[in-house]
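One structure is given below, encoded as structure tokens.
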Amino acid sequence: MTLRVYDTRSRSKRIFKPLVDGQVGIYACGITPYSPSHIGHARQAIAFDIIVRWLRKTGFKVNYISNFTDIDDKIISVSSVEGVDFLEVANRNIDDYFQVMDSLNVIRANSYPRVTETIPEIIEMIQDLIDKKHAYVTDDGVYFEIDTAPEKYGQLTGQTLDMVRKGAGGRVENTGSGKRDHRDFALWKSAKEGEPNWISPWGKGRPGWHIECSAMSLKHLGERFDIHGGGTDLVFPHHEAEIFQSECCLGHEPVVQYWLHNGMINIDGEKMSKSVGNFWTVRDALEKIEPLVLRYALINAPYRQPVDFNSVMIDDSISHHGRLLNSYSKALHSSEGLRNDYIGVENLVEAADRIRSGMDDDFNTRIALVEVQSVVKYLASLIDSDEKNPLLMSSYVQWLEEFAGEVLGILPTPEEAISRYEDKMLRRSEIAARVESLLEMRKSARVSKNWVESDRIRDELTEIGVVVEDGPEGTKWRISE
RNA sequence: GCACGGAUGGCAGAGUAGCUAUGCAAGGGAUUGCAGAUCCCUGGACCCGGGUGCAAAUCCCGGUCCGUGCUCCA
């Protein structure tokens with residue numbers, strides 16, 4: 001099977017062919033750590049986590065780099081409001097990032113470079129751009145001059161210089177900057193009084209917003225690399241600026257072979273933003289749902305589509321994921337520690353094929369989830385019947401661990417699943433005697449058609465977390481989810 | 001305004017020409033004191049208008065609507 005990926009630059013799905021056979025270099029724009037991570041960050045991290053997982057799964061050796069822009073205007077403003085060092089702000093939020101992303105089962109990148117650790121390379125790159133006449137020095141910093149490479153304009157957005165000139169014309173006068181043209185962008189910003197700064201040939205200052213990614217991707221992945229990713233909101237101007245910087249500096253194009261962009265998150269159909277007040281940090285979300293359920297929710301749509309975060313989708317995710325976990329734990333328990341391939345089980349082989357072709361088609365996690373759901377459904381019916389053949393159960397376990405676990409990352413470890421299961425069984429045995437005696441009382445109430453008493457007892461059982469189910473073969477009970 | 005993306009049943013979302021997924025929800029039935037769980041069954045969609053095809057959700061043209069970007073943003 002062939003992997004195809006949607007490339008923003010060519011605006012089409014292209015067959016993926018890495019620069020070096022069997023190896024992939026991938027750079028994804030990470031966060032500016034000025035506040036705790038929100039669910040949009042989580043979506044980005046998970047989207048690229050899954051891309052990397054799939055690339056590895058299909059045999060590529062992947063070098064995955066994701067950066068932190070740990071110096072920028074907003075970090076400075078938080079630090080001055082709080083009266084603490086800017087690095088304290090950045091570090092605090094980076095710690096938060098790792099904590100929440102770990103809990104969401106995001107496999108760590110090979111490296112997380114930071115701007116503040118890449119200053120010499122950034123300065124070198126800017127100097128190079130000045131030497132090559134692509135940049136000019138002013139009182140307030142260094143700027144990239146768009147007119148020195150006009151043909152590169154609109155590579156990702158399809159906009160032309162004229163369009164943008166019309167759209168934003170005249171803005172430069174208001175910025176008070178030394179830009180020659182409003183479309184030029186800062187490579188280096190001179191330090192204002194009291195701002196963090198580094199020494200450069202152009203005086204004390206700090207890097208502009210876009211240059212760091214050009215410098216860090218060059219440093220870690222080289223002069224050409226395979227995939228560059230990030231949220232769609234970074235397409236313009238950030239990624240276009242990177243194209244200018246990297247390609248003008250290195251003198252060849254393309255530096256990036258494939259541009260991949262994940263979609264944004266909407267809340268109840270509206271863009272998530274602080275001003276609307278519909279803003280969810282990851283921790284907010286985790287107060288309502290478990291980490292793997294959040295992960296499930298965020299891969300429920302293909303990564304390029306917007307995800308609408310609303311109560312219906314949250315509830316759906318909770319029940320779907322719960323069903324998955326339930327069946328997995330039960331199958332795991334019934335497999336009695338056996339391990340068996342699923343190769344001989346026809347429906348599993350077919351489901352696996354469909355997942356593979358779905359994932360090969362621009363990492364379509366939605367298709368993958370559909371297959372997981374249908375396998376779970378089938379497994380649940382097996383468990384319900386008496387076909388709990390340990391060997392067969394272990395085939396299902398194996399399948400789920402491969403696709404729901406390894407590929408999608410929505411399965412807990414077997415130890416965790418078993419321990420949850422056993423906790424439940426333990427709880428069951430702890431309350432069994434009491435439940436049984438209540439059920440006896442209820443039974444006699446029912447025999448005498450005393451429905452009031454019967455329902456009262458059922459309510460009492462509900463309160464201690466027991467679900468009562470009357471069936472043709474008598475009354476069963478289970479611990480509620 | 002310009003650019004990019006999207007428009008499929010109640011909802012989420014597959015599907016690039018021929019048989020239209022899948023999940024949830026809904027309706028009917030079995031079971032049932034009621035509820036729940038389970039099982040069986042069912043209906044239901046391709047934004048609009050043209051065009052090309054024997055055949056179009058799928059290709060082409062025009063339009064409408066929505067989202068995002070054009071300013072810091074994953």
Side-chain angles (χ1 to χ4, degrees), chain A residues 6 8 11 13 28-32 34-35 37-48 66 69 72-74 77 97 154 156-160 162-169 171 174-175 182-183 209 229-240 261-266 269-274 297-298 300-308 310 312-313 315-317 319-320 323 351 354 358 361 364-377 380-381 384-385 445-447 449-452 454-455 458-459 462 467-473 475-478 480:
Chain A
Y6 185 90
T8 306
R11 272 169 231 124
K13 283 184 192 169
C29 283
I31 59 160
T32 299
Y34 71 96
S35 65
S37 295
H38 61 249
I39 56 178
H41 295 134
R43 158 95 126 153
Q44 187 276 138
I46 291 168
F48 284 91
S66 185
T69 300
D72 112 302
D73 291 352
K74 272 174 293 198
S77 114
Y97 178 87
L156 300 179
T157 55
Q159 301 183 100
T160 65
D162 277 348
M163 292 171 188
V164 177
R165 184 176 282 134
K166 267 185 210 156
R171 199 168 285 160
N174 308 327
T175 64
H182 75 268
R183 298 155 304 164
W209 175 36
T232 55
D233 53 348
L234 295 183
V235 170
F236 188 94
H238 185 57
H239 288 335
E240 288 215 345
H261 295 281
N262 65 275
M264 301 290 100
I265 288 192
N266 295 143
E270 241 184 316
K271 187 188 174 180
M272 178 170 88
S273 75
K274 282 182 178 166
L298 293 180
N300 198 211
Y303 76 95
R304 291 196 297 127
Q305 297 296 116
V307 162
D308 193 48
N310 58 57
V312 174
M313 76 88 88
D315 290 346
D316 277 1
S317 301
S319 76
H320 291 169
R323 223 171 290 166
R354 285 190 294 265
D361 185 11
N364 193 328
T365 50
R366 174 63 211 182
I367 288 180
L369 245 26
V370 164
E371 294 304 327
V372 170
Q373 283 168 15
S374 72
V375 165
V376 164
K377 194 173 180 183
S381 73
D384 246 25
S385 70
R446 294 183 78 213
V447 167
K449 298 199 192 303
N450 185 351
W451 308 128
V452 175
S454 159
D455 289 347
R458 186 165 64 195
D459 290 344
T462 304
V467 180
V468 177
E469 290 171 353
D470 299 322
E473 291 112 44
T475 299
K476 290 197 222 171
W477 64 280
R478 61 184 169 85
S480 69

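Sequence lines set the chain letters: A, B, ... in the order given, protein chains first and strands last, and positions in each chain run from 1. Every value quoted in this text rests on a predicted model; they were computed, and no experiment measured them. Hydrogens, waters and symmetry mates are skipped; everything else that's a heavy atom, side chains included, is used.
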Can you check the distance between [N] and [M], where both ends of the measurement are the [atom1] atom (answer in whole Å)?
| N | M | atom1 | value |
| --- | --- | --- | --- |
| A7(B) | C41(B) | C1' | 32 Å |
| G43(B) | G6(B) | P | 32 Å |
| A37(B) | A30(B) | C1' | 14 Å |
| U38(B) | A56(B) | C1' | 42 Å |
| A12(B) | U20(B) | P | 23 Å |
| G36(B) | A25(B) | P | 12 Å |
| C11(B) | G1(B) | C1' | 34 Å |
| A45(B) | C40(B) | C1' | 25 Å |

Quick check: does any side chain N or O of [X] sit under 3.5 Å from a backbone N or O of [Y], one acting as donor and the other as acceptor?
| X | Y | result |
| --- | --- | --- |
| S454(A) | N450(A) | no |
| H320(A) | S317(A) | no |
| E240(A) | V235(A) | no |

Side-chain contact, heavy-atom cut-off 4.5 Å: [X] with [Y]?
| X | Y | result |
| --- | --- | --- |
| K13(A) | D361(A) | yes |
| H239(A) | T8(A) | no |
| I46(A) | N262(A) | no |
| V307(A) | M313(A) | yes |
| R446(A) | W451(A) | yes |

What's the [atom1]-[atom2] distance between [X] and [N], to the nearest Å?
| X | N | atom1 | atom2 | answer |
| --- | --- | --- | --- | --- |
| D73(A) | U71(B) | CG | P | 16 Å |
| Q373(A) | G23(B) | CD | P | 8 Å |
| M264(A) | G69(B) | CE | P | 8 Å |
| H238(A) | U68(B) | NE2 | C1' | 18 Å |
| D315(A) | G23(B) | CG | C1' | 15 Å |
| H239(A) | C72(B) | NE2 | C1' | 15 Å |
| E240(A) | C72(B) | CD | C1' | 17 Å |
| F236(A) | G5(B) | CZ | C1' | 17 Å |

Below 3.5 Å, does any donor atom in the side chain of [X] face an acceptor in the base of [N], or the other way round?
| X | N | result |
| --- | --- | --- |
| H261(A) | A74(B) | no |
| D470(A) | C34(B) | yes |
| S454(A) | G33(B) | yes |
| R446(A) | G33(B) | yes |

Legend entry - Footprint string (nucleotides 13-18 of chain B, 5' to 3'): B base within contact, S backbone only, - free, heavy atoms under 4.0 Å: SSS---
Looking at every strand, decide which applies to [X] at a 4.0 Å heavy-atom threshold: base, sugar-phosphate, or nothing.
| X | value |
| --- | --- |
| Y97(A) | nothing |
| G263(A) | base |
| G231(A) | sugar-phosphate |
| K377(A) | sugar-phosphate |
| H320(A) | sugar-phosphate |
| E469(A) | base |
| M313(A) | nothing |
| T8(A) | nothing |
| K449(A) | nothing |
| R11(A) | sugar-phosphate |
| I265(A) | base |

Inset, instruction - Tell me whether the OP1 or OP2 atom of C24(B) has a side-chain N or O from R323(A) closer than 4.0 Å. - result: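 Answer is yes, contact under 4.0 Å.
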Of the candidate nucleotides [options], which contains the atom at the shortest distance from the side chain of [X]?
| X | options | value |
| --- | --- | --- |
| Y6(A) | G5(B), A74(B), G36(B) | G5(B) |
| R478(A) | A74(B), C24(B), G36(B) | G36(B) |
| D455(A) | A74(B), G5(B), C34(B) | C34(B) |
| T32(A) | A74(B), G69(B), G23(B) | A74(B) |

Looking only at heavy atoms, what is the nearest atom pair of [X] and [Y], with distance?
| X | Y | value |
| --- | --- | --- |
| R366(A) | P302(A) | CB-CD, 3.9 Å |
| G231(A) | Q44(A) | N-CG, 4.4 Å |
| C29(A) | H238(A) | SG-NE2, 3.6 Å |
| F48(A) | G230(A) | CZ-N, 3.4 Å |

Legend entry - First encountered from the 5' end of RNA chain B, between D316(A) and K74(A):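 Taking each residue's closest nucleotide, the earlier one in sequence belongs to D316(A).
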Inset, instruction - Find which nucleotide of RNA chain B each of L234(A) and W451(A) is nearest to by heavy atoms, and output the residue with the more 5' nucleotide. - result: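 Nearest nucleotide further toward 5': that of W451(A).
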Legend entry - Each stem that RNA chain B is part of, given as range with range (3 or more consecutive Watson-Crick or G-U pairs, under 3.5 Å):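 So the stems come out as B:1-7 with B:64-70, B:10-12 with B:22-24, B:26-30 with B:38-42, B:47-51 with B:59-63.
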Legend entry - Syn or anti for G53(B) (syn when the glycosidic angle lies within 90° of 0):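 With its glycosidic angle within 90° of zero, G53(B) counts as syn.
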Legend entry - L234(A) side, atom CG; T232(A) side, atom OG1 - distance, nearest 0.5 Å: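 L234(A) CG to T232(A) OG1: 8.0 Å, rounded to 0.5 Å.
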